[in-house]
> 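Structure incoming, see below.
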Amino acid sequence: MSQRQHTAVGSRTRHGLGVAVMLVLAVAGGNATAKAAASADAPATSAAQAGDVHASVRIASKNANPPRYPPAAFRENREGDAIVLIKVDAKGQWTDASVLQSTGWPDLDQAAMEATRRWQYTAASQDGVAVPGEVQVPMSFRLN
């Protein structure tokens, strides 16, 4: 019997499980999106509109800290897509996260929200001044 390996954005290996969590970053209020690639460490993604920059997730921190697939969800072959709204203060610190679109499974939604606490952010700016902001992050929980 071969050992299955967990792959997630950032090519991290975890717990010998065969699962993937795909993250797609969509900036609230902007048109820019960046799909996190397993081999790419891109700079922070943000959207500029009329001189304003919305809050963003630093891609390297997101790739290094993907959501953990809950063991019960893995055993029961649960999958789903969520959109998490993350609030960031003017210093770029995480302040809150909520589920805008649920996977349909509370444990997958919770895993998505918990992952956001481990990421690093860039604060929004307005007229060159750092201000609180929000960023929406779609997450897909898929079994290989």
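Worth saying up front: this structure is predicted, and the values here are computed from it rather than measured.
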> What I'd like to find out is whether the side chain of Thr95 reaches to under 4.5 Å of the side chain of Pro132, using heavy atoms alone.
no

> Nearest 0.5 Å please: distance from the CZ atom of Phe74 over to the CG atom of Asp107.
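Going from CZ on Phe74 over to CG on Asp107, the span is 13.5 Å.
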
> Any non-hydrogen side-chain atom of Pro67 less than 4.5 Å from a side-chain atom of Glu114?
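A side-chain contact is absent here, since even the closest heavy-atom pair is not under 4.5 Å.
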
> State, to 0.1 Å, how close Ala123 and Gly92 come at their nearest heavy-atom pair, and which atoms those are.
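Nearest pair, atom of Ala123 first, then Gly92: CB-N, 3.7 Å.
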
> Is a side-chain donor or acceptor of Ser61 paired with a backbone partner of Gln120 at a separation under 3.5 angstrom?
yes

> Look at the side chain of Ser140 and the backbone N and O of Asp81, then say whether any donor-acceptor pair between them is shorter than 3.5 Å.
no

> Provide the closest heavy-atom pair for Val135 versus Ala55 in the form atom of the first, atom of the second, distance.
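Smallest interatomic distance, heavy atoms only, reads CB-O, 3.6 Å.
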
> Okay, side chain of Asp109, backbone of Thr103: is any donor-acceptor separation there less than 3.5 Å?
yes

> For the atom pair CG (Asp96) and CD (Glu134), what is the distance rounded to the nearest 0.5 Å?
9.5 Å

> Do Pro106 and Gln110 make a side-chain contact, defined as non-hydrogen atoms from C-beta onward lying under 4.5 Å apart?
no

> Would you say Trp119's side chain and Asn65's backbone share a donor-acceptor pair under 3.5 angstrom?
yes

> What is the minimum heavy-atom distance between Leu85 and Gln136, and which atoms define it?
CD1-CG, 3.9 Å

> Which atom pair, heavy atoms only, marks the closest approach of Ala115 to Pro66?
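So the minimum-distance heavy-atom pair works out to CB-C, 4.3 Å.
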
> Within the side chain of Glu79, is there an N or O that forms a donor-acceptor pair under 3.5 Å with the backbone of Leu143?
yes

> Using a 4.5 Å cut-off on heavy atoms from C-beta on, say whether the side chain of Asp89 contacts that of Tyr121.
no

> In the structure I gave you, are the side-chain heavy atoms of Arg118 and Arg68 within less than 4.5 Å of one another anywhere?
yes

> Are any side-chain N or O atoms of Arg78 and backbone N or O atoms of Phe141, one a donor and one an acceptor, separated by less than 3.5 Å?
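Judged by distance alone, no pair lies under 3.5 Å.
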
> Could you tell me the separation between the NZ atom of Lys62 and the OG atom of Ser56, rounded to the nearest 0.5 Å?
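These two atoms lie 10.0 Å from each other.
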
> Nearest 0.5 Å, what's the CE-CD distance between Met139 and Gln101?
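Going from CE on Met139 over to CD on Gln101, the span is 12.0 Å.
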
> Show, in sequence, the C-alpha distance, side-chain angles and deciding distance for Thr122 and Arg58, and conclude whether the side-chain contact (heavy atoms from CB on, under 4.5 Å) test is met.
CA-CA 7 Å; Thr122 300; Arg58 293 185 187 162; 3.3 Å; yes

> Heavy atoms, side chains only, cut-off 4.5 Å: are Ile86 and Val88 in contact?
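Side-chain contact under 4.5 Å: yes.
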
